[in-house]
Q: 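I have a structure here, written as structure tokens, and I will follow up with some questions on it.
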Amino acid sequence: MTARRVAVVTAVTVGGALLGASPALAVESPVSDDGTTELQLLGINDFHGRLDDAVALAGTVEEQRARDDVDATVLLSAGDNIGASPFVSASQQDAPTIEVLNELGLDASAVGNHEFDRGFADLTGRVGVDGESGLADFDYLGANVYGTDGDPVLPEYALLEAAGVTVGVIGVVTQETSSLVSPAGIEGITFGDPVEAANRVTDELTDGVGDEAEVIVLVAHEGAPEGEATSTLEAELAADTAFAAIVNGVDADVDAIFTGHTHQTYAWQAPVPGTDETRPVIQTGSYAADLGRIVLSYDESTGEVTTSTVENLALTEVPEEELVVAYPRVAEVAETVAAAQAAADELGSVVVGSVTADITRAFTTGPAGEQIEDRGSYSALGGLVADSYVYGAADSAIEPADLGLVNPGGLRADLLYGEDGEITLAEANEVTPFANDLVVVSLTGAQLVQVLEQQWQPEGSSRPFLALGTSEELTWSYDPEAAPGERIIVDSIRISGEPIDTNATYRVATNSFLASGGDNFTTFAEGTTEQTGLIDFDAFQGYLEEFSPLSPEEFTGRVTVGDASEQPQQPAAEVAVSPSTFARGDLVTFSVSGFGPAERVEVTVDGRRLGRVTTDAEGAATVQVRVPGSVDTGTVEVTATGVTSGSTATVEVQVTDRAQPVDRGTLAQKLASWLRQVLGTWLR
């Protein structure tokens with residue numbers, strides 16, 4: 001191989017107009033003399049500010065760049081670089097993550113839906129999409145993102161000169177983006193068909209007029225839907241999904257496809273429509289779990305890609321200290337990560353709560369035993385966050401909420417017990433990092449039923465079912481085999497123990513994302529929304545601070561499969577008091593049974609609340625409570641009420657006045673006085 005200088009030149013266009021081109025640093029790269037150029041395409045997706053893995057990622061990229069069997073390397077991303085990030089990045093509005101990607105030498109990225117979390121103006125302004133005017137030194141591409149006039153509002157493609165070959169990179173984002181971010185932040189923006197946009201731009205780059213590309217790569221923030229971890233390419237392409245539409249419908253002139261959004265891991269050679277050839281299609285999971293690698297062999301004489309390989313690479317295991325010494329880029333990344341962590345440590349080290357055991361999202365087990373997040377199942381963490389919404393609404397200036405709901409995609413990390421069960425501000429923030437407004441939406445009972453039905457997503461969605469986290473006030477059963485629109489068993493729905501009234505109005509505490517119809521829960525947008533003046537994390541933090549320690553069993557058992565009437569009948573609720581006669585101020589033992597498993601039960605004496613207790617799996621619990629002095633004496637009632645089931649139990653007890661304590665000081669004074677008198681008389 002001989003050496004050829006490689007200049008990476010980026011050309012950014014909007015609506016076909018060239019915005020600018022700037023050459024990057026030229027580097028020496030060996031190129032073969034056999035007329036074939038080996039182009040190495042490295043890719044990530046859904047990084048989400050995972051700076052903990054940034055140094056290893058940078059080291060892996062540099063190791064691949066240093067290979068002597070490739071002629072040039074291009075580094076790409078399929079979107080969601082920022083947003084839904086851990087505290088280390090989120091606390092600094094993801095600026096450290098963007099700087100790390102700059103230092104990595106990222107050449108171009110598709111926009112992901114999370115790039116719009118802070119609104120379109122933040123993306124095009126502070127973040128930057130043209131590689132020059134914002135924080136990002138790379139181009140953010142979105143060929144299917146349009147304004148009110150129907151024209152693209154983001155760069156559609158970038159042209160990269162790699163070893164003398166012009167590589168055209170086209171970016172598209174999932175068409176579902178409008179339902180995945182707050183509508184207020186994308187007013188006037190629409191998201192079109194990614195296949196139509198990709199093919200339109202491909203035609204522009206191959207029509208012999210204006211900008212032209214010899215190799216075309218699509219970076220698409222859309223991927224194979226969640227499902228069986230062992231799913232095959234054939235099964236995915238036979239399904240009616242956005243992923244299948246892209247792979248089956250994108251122009252044959254597209255030589256490789258990087259995908260994202262669904263956090264799946266695959267590396268496939270997919271059939272090219274209208275030909276007997278294949279092309280690589282890849283997704284790397286998420287959070288820099290892997291580095292995607294595609295190698296294209298480009299025949300300079302024919303102008304065609306003749307062969308390709310595709311694989312997912314595990315991150316390097318070389319120690320950080322060795323990587324920092326070996327690669328200047330890695331050293332820069334390590335320095336940025338260290339500074340970001342120091343800032344976040346100072347901000348997030350405050351303890352705000354505790355747990356008795358891990359409180360987590362739902363997970364399923366993959367073929368290799370790995371844990372994969374399952375947004376289609378209910379979780380203790382979802383119940384906890386929904387409870388915190390109700391708590392936050394009650395703590396605001398508006399009227400309290402009747403119940404709370406949270407989307408599973410709004411839960412981004414778990415509350416883990418660790419060594420001592422303590423939860424810091426940083427750990428809590430990772431659970432709900434979006435800073436959505438906490439709102440209360442008024443819905444009719446019928447609309448609430450429809451919201452629950454919309455957990456089954458529209459046909460073709462990346463995730464067919466999204467399990468809403470549900471507060472303790474709301475319980476229901478469902479039949480997964482029933483017809484669409486009839487899966488929720490309406491007669492089973494209880495709100496604070498009372499059957500739902502489809503004509504009544506209920507106040508639902510939720511985040512602004514769901515309230516505006518996000519995640520295809522469009523019925524929310526039909527309700528009347530009130531602002532609490534809080535963000536969702538305010539409520540979550542406050543709940544942790546007031547009710548810790550928290551236990552996972554407190555937040556489960558709210559949803560059942562099948563008709564509630566067919567569920568095993570639980571015994572009648574009972575409450576017992578020991579002793580049955582006691583005085584005001586005494587410490588008394590209250591025992592309850594016959595309630596729901598992990599149900600919160602309120603205990604009152606003479607109508608005055610003494611506290612709450614959470615039942616065990618058998619619906620029983622025992623608690624000791626000191627009887628307040630304000631309780632009336634005589635025969636009074638002790639009542640236990642299940643918060644979710646509405647079950648009640650009552651028993652009569654006798655309350656007496658507490659005996660007046662002996663004033664030992666006065667007694668001693670009287671005794672001393674008596675002794676003085678006796679002794680005085682005796683001495684006289």
Side-chain angles (χ1 to χ4, degrees), residues 6 8 29 31-32 36-47 57 60-79 104-110 138 141 157-163 165-172 198 202 205 213-224 233 236 243 246-247 250-261 264-272 275 277-286 288-299 303-316:
V6 179
V8 180
S29 177
V31 180
S32 69
T36 300
T37 301
E38 299 296 324
L39 298 176
Q40 177 175 243
L41 311 175
L42 301 178
I44 59 172
N45 60 269
D46 300 274
F47 184 54
L57 173 63
T60 310
V61 170
E62 291 302 274
E63 288 177 347
Q64 296 307 308
R65 281 180 171 141
R67 296 174 68 125
D68 60 8
D69 58 348
V70 296
D71 299 319
T73 297
V74 173
L75 179 60
L76 304 171
S77 170
L104 265 174
L106 185 65
D107 293 306
S109 175
F138 51 90
L141 311 174
Y157 63 90
L159 295 181
L160 311 175
E161 290 297 326
V165 178
T166 303
V167 179
V169 181
I170 304 169
V172 294
T202 299
L205 296 178
E214 295 166 289
V215 170
I216 296 178
V217 180
L218 177 65
V219 283
H221 193 70
E222 183 63 272
L233 172 64
E236 296 295 350
F243 172 76
I246 288 172
V247 178
V250 166
D251 195 292
D253 284 331
V254 173
D255 298 295
I257 303 174
F258 285 89
T259 66
H261 182 50
Q264 303 299 294
T265 304
Y266 47 80
W268 289 322
Q269 288 284 0
V272 179
T275 76
E277 300 173 349
T278 63
R279 61 185 166 197
V281 177
I282 191 171
Q283 187 176 174
T284 69
S286 60
D290 290 317
L291 176 67
R293 181 175 186 262
I294 293 174
V295 177
L296 304 178
S297 297
Y298 177 76
D299 187 326
E304 298 290 338
V305 172
T306 56
T307 61
S308 65
T309 61
V310 58
E311 61 182 328
N312 273 308
L313 303 174
L315 298 191
T316 182

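Model, not experiment: these values are computed from the prediction. Below, each value reflects all heavy atoms present in this structure, side chains not excepted, and no hydrogens, waters or symmetry copies.
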Q: Below 4.5 Å, heavy atoms only, C-beta onward: do T309 and S297 meet side chain to side chain?
A: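 A side-chain contact under 4.5 Å is absent here.
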Q: Of N312, T259, T284, which meets side-chain hydrogen bond (donor to acceptor under 3.5 Å, both in side chains) against Y266?
A: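 Of the listed options, the one satisfying the test is T259.
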Q: So, taking the atom named CD in E304 and the one named CG in D253, what distance separates them when rounded to the nearest 0.5 Å?
A: 7.5 Å
Q: How long is the span from the CZ atom in R279 to the CD1 atom in I294, to the nearest 0.5 Å?
A: 11.0 Å
Q: Return the set of residues passing salt bridge (Lys or Arg N to Asp or Glu O under 4.0 Å) with E63 (not counting sequence neighbours), or none when no residue passes.
A: none
Q: Applying side-chain hydrogen bond (donor to acceptor under 3.5 Å, both in side chains), can you list everything that pairs with T202, at least two apart in sequence or on another chain?
A: none
Q: With sequence neighbours left out, what residues match E311 under salt bridge (Lys or Arg N to Asp or Glu O under 4.0 Å)?
A: R293
Q: Can you measure from CG (N45) to CD (E222) and round to the nearest 0.5 angstrom?
A: 12.0 Å
Q: Using 0.5 Å steps for rounding, measure from the OG1 atom of T60 to the CG atom of L42.
A: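 The OG1 atom of T60 sits 10.0 Å away from the CG atom of L42.
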Q: For D290 and L313, what are the C-alpha separation, side-chain angles and deciding distance, and is it a side chain to side chain contact (heavy atoms under 4.5 Å, CB included)?
A: CA-CA 5 Å; D290 290 317; L313 303 174; over 6 Å; no
Q: Measure the spacing between OG of S109 and CG of L76 and express it to the nearest 0.5 Å.
A: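 Spacing of OG (S109) from CG (L76) equals 8.5 Å.
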Q: Just so I know, are the side chains of F47 and L57 near enough to count as touching, which here means a heavy-atom distance under 4.5 Å?
A: yes
